[in-house]
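Worksheet: the structure to be examined is printed underneath.
Everything quoted here is computed from the prediction, not taken from an experiment. Every chain is numbered from 1 and lettered A, B, ... according to where its sequence line falls, protein lines coming before strand lines.
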Amino acid sequence: MISITLPDNSVRQYESGVTAMEIAKSISEGLARNVLSAKVNGEVWDANREINQDAKVQLLTWNDQEGKATMWHSSAHLMAEAIEQLYPGVKFGIGPDIENGFYYDIDTGDITLTESDLEAIEKRMLDLAREKQTFERVNVSKSEANSYFTEKGDEYKLELIHDLEDGQITFYKSGTFTDLCRGPHLPDTSFIKAVKLLNIAGAYWRGDEKRKQLTRIYGITFPKKKELDEYLLLLEEAKKRDHRKLGKELELFAFSQKVGAGLPLWLPKGAMLRERLEQYLKKVQKEAGYLPVITPHIGNVNLYKTSGHYDKYGQDSFRPITTPYEGEEFFLKPMNCPHHCEIYNNKPHSYKDLPIRYAEFGTVYRYEQSGELHGLTRVRGFTQDDAHIFCTPDQIKTEFKAVIKIIMKIFKALDFAEFITQISLRDPNTPEKYIGSEENWQKAEKAIIEVAEEEGLEAITEYGEAAFYGPKMDFMVRDAIGRKWQLGTIQVDYNLPERFDLTYIGADNEKHRPVMIHRAPFGSMERFVAVLVEHCAGNFPLWLSPEQAIILPISEKYQNYAENVLKSLNNSDIRALIDDRSEKISRKIRDAEVNKIPYMLIVGEKEAAENQVSVRKHGEGDLGSFSIEDFASLINNEVNRLQGFE
RNA sequence: GCCGGUGUAGCUCAGUUGGCCAGAGCAGCUGAUUUGUAAUCAGCUGGUCGGGGGUUCGAAUCCCUCCACCGGCUCCA
């Protein structure tokens with residue numbers, strides 16, 4: 001007999017060799033019907049794998065992320081089985097579960113799969129699922145594993161096996177499909193009741209662009225048809241928030257083939273929105289002791305040779321601009337930091353001057369691969385809300401923390417509650433990708449890690465994500481359909497000060513090297529606005545909205561009064577306009593609602609007589625009558641409250 | 001850059017076994033209407049069917065090529 005400890009700390013006795021499924025059945029049949037896998041001593045196991053010693057067991061269902069993962073991983077196998085049956089001879093790469101569903105990478109040989117083939121695969125998957133196929137776990141030796149896939153001719157699996165240790169290799173067999181797999185899997189395929197293959201794409205084998213590109217099919221499955229329908233509805237709703245769609249509808253920005261791919265055109269409403277964000281940050285930065293600087297859009301090639309950007313990105317940049325006679329080379333500015341270093345170098349500095357904080361909304365141009373361009377989130381010309389802080393080594397942490405404070409203030413003002421903090425360090429395996437001394441890297445990485453701890457930030461750490469000159473702390477936000485985008489960034493840099501020979505005179509009257517902190521709270525105005533649009537679905541906070549109120553006269557008779565109201569609002573710094581079309585009031589309201597204008601002010605006979613406006617709030621409805629003064633202070637109070645400037 | 005898909009009016013879309021002057025709704029313009037909380041009515045304008053080349057008596061429709069966009073991969077100072 002063995003003792004099984006359940007999550008509520010109750011202990012039950014079972015025969016050795018009991019499975020999680022049997023444990024579930026001994027508790028209740030209903031539970032057993034929902035068990036997908038089980039966590040045994042912290043490791044996720046098949047529900048029908050024998051447990052031979054005392055263990056802590058947690059039964060996993062669809063309500064657990066690990067339960068979902070089991071379902072989706074098994075779904076990848078099911079899809080592979082279906083594809084193998086429909087297209088014999090295909091070879092398989094890897095097929096993992098992911099955050100929302102699963103994928104499998106497939107070498108389809110001479111045939112090309114397209115979206116139109118997905119339906120047939122889905123159908124076969126459902127047929128196979130109904131067969132209630134079990135997943136059989138088999139321990140195999142390395143040579144057995146090799147001979148199986150040699151016979152099958154699947155070089156991808158052979159490559160995977162090559163990296164595995166003998167004695168640690170398992171196969172899973174379900175129906176006609178056998179896969180190299182660590183598991184775990186579902187008790188049987190009948191748990192999969194609904195299947196949707198979402199998209200099909202190319203993916204390099206092992207993520208290496210020099211290797212063969214396989215066909216990747218993404219899918220998702222559910223234990224109930226209804227849940228799939230709900231998920232698809234959710235995806236559709238998310239698409240409505242897409243900044244590319246809303247940006248067009250709300251006339252914020254546009255692209256033109258003639259101007260060039262990845263070069264956004266800010267339309268008046270978008271430009272006004274962006275200006276407000278810039279003004280806001282300028283105000284915050286002024287309070288925090290930043291000094292404005294302005295630098296040109298191009299720089300001599302030697303500037304970037306000094307900074308190291310030329311060696312690193314020279315080949316992946318727009319080609320240099322040359323002077324007509326001398327042949328002098330200039331690059332479009334890809335970064336503001338080299339320019340700011342030269343501003344620092346413009347005169348000698350004392351330790352008493354530090355920290356010095358140079359801020360610039362600097363527009364930079366970077367060549368991005370054509371397949372990478374994406375709305376406003378990935379463009380070839382964009383404006384960073386950049387600043388560089390030059391400080392002494394012992395000022396780093398204080399300055400770093402002050403920057404975090406600014407970023408938090410902004411995120412709070414814009415209601416970005418769900419962001420991810422990431423510490424990006426070097427990949428210790430590829431030192432050639434980085435410049436600067438080991439000692440300085442260690443110092444810089446240590447500073448960031450300590451700041452995160454001291455500030456109590458829950459940060460994830462990613463190795464290999466650092467900039468080539470230094471480690472960084474990034475703040476990421478998800479877009480409407482769950483893609484992560486980096487917004488704010490703070491980077492500690494010991495390298496550029498060396499390369500530009502930046503110095504300050506210390507209290508000891510000796511020259512010392514300052515440290516640079518690169519930081520951009522928004523990241524880029526383009527990307528930030530994109531994410532903001534998706535975050536609020538185009539319903540901007542009042543202080544950013546291009547139009548805060550629209551005055552809707554009931555008829556032409558009240559046009560004069562409407563103009564008086566507009567004048568008063570403008571005098572109170574409220575952005576408003578009049579809808580003077582000869583339309584019915586309900587039509588004007590509808591159009592204002594569709595255009596997401598925060599407040600509608602209806603004026604007719606009654607309002608004109610009493611010097612009032614009838615206020616309707618976007619998405620909420622009638623708020624009743626207000627005097628113009630009361631409405632103005634309602635707006636201005638809300639604006640101040642949202643910006644955190646009360 | 002790579003794999004797959006898409007490209008018809010300002011917007012959303014119909015039209016493809018190749019065949020009358022390429023259609024609709026919304027937007028726009030003109031006129032009528034003067035309206036009380038989510039679409040008033042009528043008329044009109046608007047497209048080198050992404051660009052170029054080819055096949056054909058004839059191309060939005062078939063082929064080639066370039067461009068842009070969409071979904072991924074790789075990349076992201």
Original post:
Which parts of nucleotides 35-49 of chain B does protein reach within less than 4.0 Å, heavy atoms only, written one letter per nucleotide 5' to 3' as B for base, S for sugar-phosphate only and - for none?
Top reply: BBBBBB---------
Please determine, by modelled atom types, if [X] and [Y] share a side-chain donor-acceptor pair under 3.5 angstrom.
X: A:His518; Y: A:Asp386; result: no
X: A:Thr363; Y: A:Thr383; result: yes
X: A:Tyr599; Y: A:Glu638; result: yes
X: A:Ser582; Y: A:Glu556; result: no
X: A:Tyr469; Y: A:Gln491; result: yes
X: A:Asp479; Y: A:Trp485; result: yes

Not counting sequence neighbours, which residues clear salt bridge (charged side-chain N to carboxylate O under 4.0 Å, His left out) with [X]? List them please.
X: A:Asp242; result: A:Arg244
X: A:Glu236; result: none
X: A:Glu583; result: none
X: A:Glu593; result: A:Arg616

Original post:
When you measure from every atom of RNA chain B, which of residues 199-211 of chain A have a heavy atom less than 4.0 Å away?
Top reply: A:Asn199, A:Ile200, A:Ala201, A:Gly202, A:Ala203, A:Tyr204, A:Gly207, A:Glu209
Starting at atom [atom1] of [X], determine the distance to atom [atom2] of [N], rounded to an integer number of angstrom.
X: A:Leu197; N: B:G4; atom1: CG; atom2: C1'; value: 15 Å
X: A:Phe102; N: B:G72; atom1: CZ; atom2: P; value: 16 Å
X: A:Arg216; N: B:C2; atom1: CZ; atom2: P; value: 19 Å
X: A:Trp485; N: B:C76; atom1: CH2; atom2: P; value: 14 Å
X: A:Gln491; N: B:C76; atom1: CD; atom2: P; value: 13 Å
X: A:Asp242; N: B:C11; atom1: CG; atom2: P; value: 16 Å
X: A:Lys248; N: B:A27; atom1: NZ; atom2: P; value: 18 Å
X: A:His518; N: B:C76; atom1: NE2; atom2: C1'; value: 16 Å

**OP:** Not counting sequence neighbours, which residues clear side chain to side chain contact (heavy atoms under 4.5 Å, CB included) with A:Ser586? List them please.
**Re:**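 A:Lys584.
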Mind checking the [atom1] distance from [N] to [M]? Whole angstroms is fine.
N: B:G46; M: B:U30; atom1: C1'; answer: 15 Å
N: B:C49; M: B:U6; atom1: C1'; answer: 14 Å
N: B:C63; M: B:G19; atom1: P; answer: 15 Å
N: B:U56; M: B:U45; atom1: C1'; answer: 35 Å
N: B:G72; M: B:U55; atom1: C1'; answer: 35 Å
N: B:U16; M: B:A59; atom1: C1'; answer: 10 Å
N: B:G52; M: B:A60; atom1: P; answer: 12 Å
N: B:A42; M: B:C64; atom1: P; answer: 47 Å

**OP:** Taking side chain to side chain donor-acceptor pair (under 3.5 Å) as the test, write out the residues that go with A:Lys212, two or more places apart.
**Re:** A:Asp107
Show me the donor-acceptor pairs, under 3.5 Å and distance only, between side chains in residues 248-264 of chain A and residues at least two apart or in other chains.
from, atom 1, to, atom 2, distance (Å)
A:Glu249, OE2, A:Lys245, NZ, 3.1
A:Ser256, OG, A:Lys258, N, 3.0
A:Ser256, OG, A:Val259, N, 3.1

Original post:
Between B:C73 and A:Tyr218, is there an OP1 or OP2 to side-chain N/O distance shorter than 4.0 Å?
Top reply: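 Yes, within the criterion.
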Original post:
Start at the 5' end of RNA chain B and walk down; is the nucleotide closest to A:Pro334 or to A:Thr114 reached first?
Top reply: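 Mapping each residue to its closest nucleotide by heavy atoms, the 5'-most match is A:Thr114.
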Original post:
When the nearest nucleotide of RNA chain B is assigned to A:Ile481 and to A:Arg366 on a heavy-atom basis, which residue is associated with the more 5' position?
Top reply: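 Residue closer to the 5' terminus by nearest nucleotide: A:Ile481.
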**OP:** Would you mind reporting whether A:Ile200 and A:Arg216 have side-chain heavy atoms less than 4.5 Å apart?
**Re:**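 Side chain of A:Arg216 against side chain of A:Ile200, heavy atoms only: no contact under 4.5 Å found.
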Original post:
What pairs meet the salt bridge (charged side-chain N to carboxylate O under 4.0 Å, His left out) rule with one or both residues in residues 594-606 of chain A, with sequence neighbours excluded?
Top reply: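 For residues 594-606 of chain A, and leaving out neighbouring residues, there are no salt bridge (charged side-chain N to carboxylate O under 4.0 Å, His left out) pairs at all.
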**OP:** Taking only the side-chain heavy atoms of A:His374 (C-beta and beyond), determine which of B:C76, B:A77, B:G71 contains the nearest atom.
**Re:**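 In terms of side-chain proximity for A:His374, the closest of B:C76, B:A77, B:G71 is B:G71.
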What are the atom names and distances for every N/O pair under 3.5 Å that joins the protein to nucleotides 63-69 of chain B?
from, atom 1, to, atom 2, distance (Å)
B:C67, O2', A:Gln257, OE1, 3.0

**OP:** Taking Watson-Crick and G-U wobble pairs with both distances under 3.5 Å, convert RNA chain B into its dot-bracket string, 5' to 3', dots for unpaired and | for cross-strand pairs.
**Re:** (((((((..((((.....[...)))).(((((.......))))).....(((((..]....))))))))))))....
